[in-house]
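The model shown is predicted, which means the values in this text are computed figures rather than measured ones. Letters A, B, ... are given to chains in the order of the sequence lines, protein chains preceding strands, and every chain is numbered from 1. When reading the values below, keep in mind they use all heavy atoms of this one structure, side chains included, and skip hydrogens, waters and symmetry mates.
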Protein chains: 2
Amino acid sequence: MSWRKEERRAERGYHHGNLKEALLQAALGLIAEKGAAGFTFADAARMAGVSAAAPYRHFRDRDELLSSIAQRGFEQFEARLTAAWDDGRPDTVTAFERVGRAYLAFAREEPAFYNAMFESGLPVDANAALQAASERAFNVIRAAAERLAALAPPGAPRPPAMMMALHIWSMAHGVASLFSRGDAARRKLPMSPDELLEAEVLIYLRGLGFPTERRPQAKSAEPPPVPPEAPSGSGVPPGGPWGKPK
Amino acid sequence: MSWRKEERRAERGYHHGNLKEALLQAALGLIAEKGAAGFTFADAARMAGVSAAAPYRHFRDRDELLSSIAQRGFEQFEARLTAAWDDGRPDTVTAFERVGRAYLAFAREEPAFYNAMFESGLPVDANAALQAASERAFNVIRAAAERLAALAPPGAPRPPAMMMALHIWSMAHGVASLFSRGDAARRKLPMSPDELLEAEVLIYLRGLGFPTERRPQAKSAEPPPVPPEAPSGSGVPPGGPWGKPK
DNA sequence: AGCTCATGTGAACGGCTTTTACATGAGCCG
DNA sequence: CGGCTCATGTAAAAGCCGTTCACATGAGCT
């Protein structure tokens, strides 16, 4: 197999042709394997079949490659959250929970992106484009929270949508960081991270007085009536959001 | 100032006397400054005034030093959470929220420990002692949740204490990670991380049907009556847990 | 065909981690 | 007190990484 390098060189010639992309892909794989801390610029170059100095033609330094990956991650993240939200269909609460699950799914299925985005220790404001991408992703949650806030039961003071969005974000991020990723997933739990987060969000929404049942809503007209008997029993499946304790 | 090294050597002689401790302290300072990723074994040695090879007499490798710090961190963390809980005085809900604030305070005031414990990327199960220390810290939250669960309003199904503990942990960790530490703290927020977490926990507890007012409770006898008018107004300060929207 | 400039190479520097052979001296034993 | 021993520290070296620099290559334009 020692002809590999020469052959690769012969195949591609002196110039790679698409090195930037190849480096991003290589780095993605390496980060998925060994984490952002273990990832090495030289390794990525080797994997792409170029010398250790070549990457510097495309990235100022290792950090810039990392933050490029983080930026892409935020873009894909935004796309997945947007798809999960699906403009609040079929009803706001259901869609909202789907966003929560999408958050966890992303953390689980794209560990490299998630790592670069949230665990690589690179400063949020290092790159203006990065920060913007991060904000766009958050804005999906924020917009969803706004729709949800608009459905708040009348009478009670309306919760600020921004606060709700931050709360949901912190729940999803907390569960993902602690229980849903790599080594952390090895902590033994009585339930899956998905179930854990779903219950958490349901209880939270109930605390805000929302009906937490899932059924189609009027488009955006009158909010469904809150059962007058007591919000604590409103529409939650029997046993509450956490199922029956055995 | 170039006599410094020789003088230090003269002061301490060939043997340091307390190198292990000195290295831990040096590492703590370095991690606080530059994060666990930027921290360097060689730097710690330099700071302690010894050669780069000396640390290997006390730690198998860099990771072992890191996990020693994480372990100490979990011990101090446990102590602070235990103090905050204060065995549920003056009432369970108040004490519970104090635990939440203690979580954030620790993340803020001991960034080096927090970093080593949660952000250094070292596997949770690398070290049995580390894992045990981590579990002891979590058990404080768990025990508090158990006391809280015992106060659950009668009639409704009782929430599993373990689940509550995990929920609270994820909220505190999410807020700390996203908003309360280093670079992340630079995200602009409409409220302080402490307020954010407090509101989050209050809403969550209300979602479980808990009275979220703060007033002395009977020792552990009958839970205070839930005002029959509506849990959504029960004891929460005017404006709800989030203050008045302006 | 010739030129130019983006892209890739190899060598070199300094720094880090870890290992190895050797140095030192604190504490114990006789 | 004298000598031994072993924990603790040192210097040197190997191997890796990030980064820079002068130089090579060849794709695309004129």
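Atom CG of A:Asp63 is separated from atom C1' of D:dG18 by 11 Å (rounded to the nearest Å). C:dC22 atom P lies 21 Å from atom OH of B:Tyr56, rounded to whole Å. Residue B:Glu64 contributes atom CD, which lies 11 Å from atom P of C:dT18 at whole-angstrom precision. Taking atom CZ of residue A:Phe59 and atom P of nucleotide C:dG8, one finds them 11 Å apart after rounding to whole Å. Rounded to an integer number of Å, the gap from A:His58 NE2 to D:dT19 P is 16 Å. Per the geometry, CG belonging to B:Leu19 stands 10 Å off P belonging to D:dT8, to the nearest Å. With rounding to whole Å, A:Lys34 atom NZ is found 12 Å from D:dC16 atom P. At whole-Å resolution of the value, CZ in A:Arg57 and P in C:dG10 are 14 Å apart.
Among the heavy atoms of the strands, none lies under 4.0 Å from A:Gly38. Among the atoms of the strands shown, base atoms are found under 4.0 Å from some heavy atom of A:Ser51. Within 4.0 Å of B:Ala54, counting heavy atoms only, lies at least one base atom of the nucleic acid. Using a 4.0 Å heavy-atom cutoff across all strands shown, A:Ala53 reaches at least one base atom of the nucleic acid.
For C:dT17, one of the phosphate oxygens OP1 or OP2 lies less than 4.0 angstrom from a side-chain nitrogen or oxygen of B:Arg62. Residue A:Thr40 places at least one side-chain N or O closer than 4.0 Å to OP1 or OP2 of D:dG18. At the phosphate of D:dC17, OP1 or OP2 sits under 4.0 Å from a side-chain N or O atom of A:Arg46.
Side-chain contact between B:Phe77 and B:Phe113: absent, with no pair of heavy atoms (C-beta onward) separated by less than 4.5 Å.
Between the side chain of A:Asn127 and the main chain of A:Ala129, a donor-acceptor pair closer than 3.5 Å is present.
With DNA chain D read from its 5' end, the first of the two nearest nucleotides for A:Phe41 and B:Asn18 is the one closest to B:Asn18.
A perpendicular orientation is assigned to the rings of B:Phe96 and B:Trp85, their planes being inclined by more than 60° (bins at 30° and 60°). Using cut-offs of 30° and 60° on the angle between ring planes, the pair B:Tyr114 and B:Phe118 is tilted.
You'll find that the side chain of A:Ala52 is closest to D:dT19, out of D:dC17, D:dT19, C:dT17.
A donor-acceptor contact closer than 3.5 angstrom links the side chains of B:Tyr103 and B:His173.
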